[in-house]
Amino acid sequence: MPEPRYWLFKSEPSSYSWDDLTAEDGQTAEWDGVRNYQARNFMRDDMRIGDYVLFYHSNAKPPGVIGTARIVREGYPDDSAWNPDSRYYDAKSDPANPTWMMVDIKAERRLPRFISLNELKANPALADMMVTKRGQRLSVQPVTAAEWAEVLAMAERAAP
DNA sequence: GCCAACGTTGGC
DNA sequence: GCCAACGTTGGC
């Protein structure tokens with residue numbers, strides 16, 4: 001059995017929040033609209049069913065990790081790319097050879113407490129975590145097993 | 001609302 | 001292939 005892997009998915013709560021995810025049928029959503037090649041490659045090549053996801057609210061007050069999810073469907077074509085009515089429409093994406101891919105995620109649980117970006121940045125154990133780095137805009141990021149465990153442990157402890 | 005950082009585009 | 005211009009992300 002392959003090693004489970006860990007990811008962080010960013011979403012702006014004003015467009016798609018944790019509550020939106022948990023309100024879905026089966027608490028499962030298609031993660032469409034990713035239009036960055038590096039993020040696409042992670043979804044197409046690396047994500048496996050069962051991988052763990054930190055659900056992160058970006059552009060929020062404050063930004064931070066609110067819950068966990070799992071990958072429940074591996075990379076497949078993002079059909080919003082050839083839907084002219086979609087805000088994610090990409091005229092250059094050919095349905096016969098799709099440029100953009102998506103995965104499905106299912107909500108697992110809301111963290112016992114929200115872990116803000118400030119708190120992530122203040123934890124020396126997370127100094128190398130991508131999301132704590134300035135200017136890091138990748139909307140889908142790998143997370144190490146140690147980082148995953150640390151964030152969950154923080155959520156079990158009282159606020160600092 | 002501001003703006004730094006970043007990815008993409010397109011002229012050359 | 002270089003790089004300036006542009007649009008977007010996302011923290012503050």
Quick one: [X] [atom1] to [N] [atom2], roughly how many Å, whole number?
X	N	atom1	atom2	value
A:K133	B:dA5	NZ	P	15 Å
A:N118	C:dG11	CG	P	10 Å
A:R87	C:dT8	CZ	C1'	12 Å
A:M130	C:dT9	CE	P	16 Å
A:Y16	C:dT9	OH	P	18 Å
A:H57	C:dT9	NE2	P	17 Å
A:L138	B:dA5	CG	C1'	13 Å
A:E12	C:dT8	CD	C1'	10 Å

Requested in this report: Group every Ile, Leu, Val, Met, Phe, Trp and Tyr by side-chain heavy-atom contacts under 4.5 Å, then state whether A:L117 and A:I115 land in the same group.
Outcome: yes
*asked:* Count I, L, V, M, F, W, Y as connected when their side-chain heavy atoms are under 4.5 Å apart, and connections chain through other members. Are A:V140 and A:W18 then in the same cluster?
replied: yes
[X] side chain N/O closer than 4.0 Å to the phosphate oxygens (OP1, OP2) of [N]?
X	N	value
A:K10	C:dG10	yes
A:K92	B:dT9	yes
A:Y56	C:dT9	no
A:K121	C:dC12	yes

Looking only at B:dA4, C:dG11, B:dG7, the nucleotide nearest the A:R134 side chain is B:dA4
Testing B:dT8, C:dC12, C:dT8 for proximity to the side chain of A:R137, the answer is C:dT8
Could you tell me if the ring centre of A:F55 sits under 6.0 Å from that of A:F9?
no
query = Looking at A:R113 and A:E119, does any basic side-chain N land under 4.0 Å from a carboxylate oxygen?
reply = yes
Heavy-atom nearest nucleotide on DNA chain B taken for A:Q136 and for A:N59; more 5' hit belongs to A:N59
- Task: May I ask you to establish whether A:R70 and A:Y52 are in a cation-pi arrangement, using a distance under 6.0 Å from NZ or CZ to the six-membered ring centre and at most 45° from the ring axis?
- Result: yes
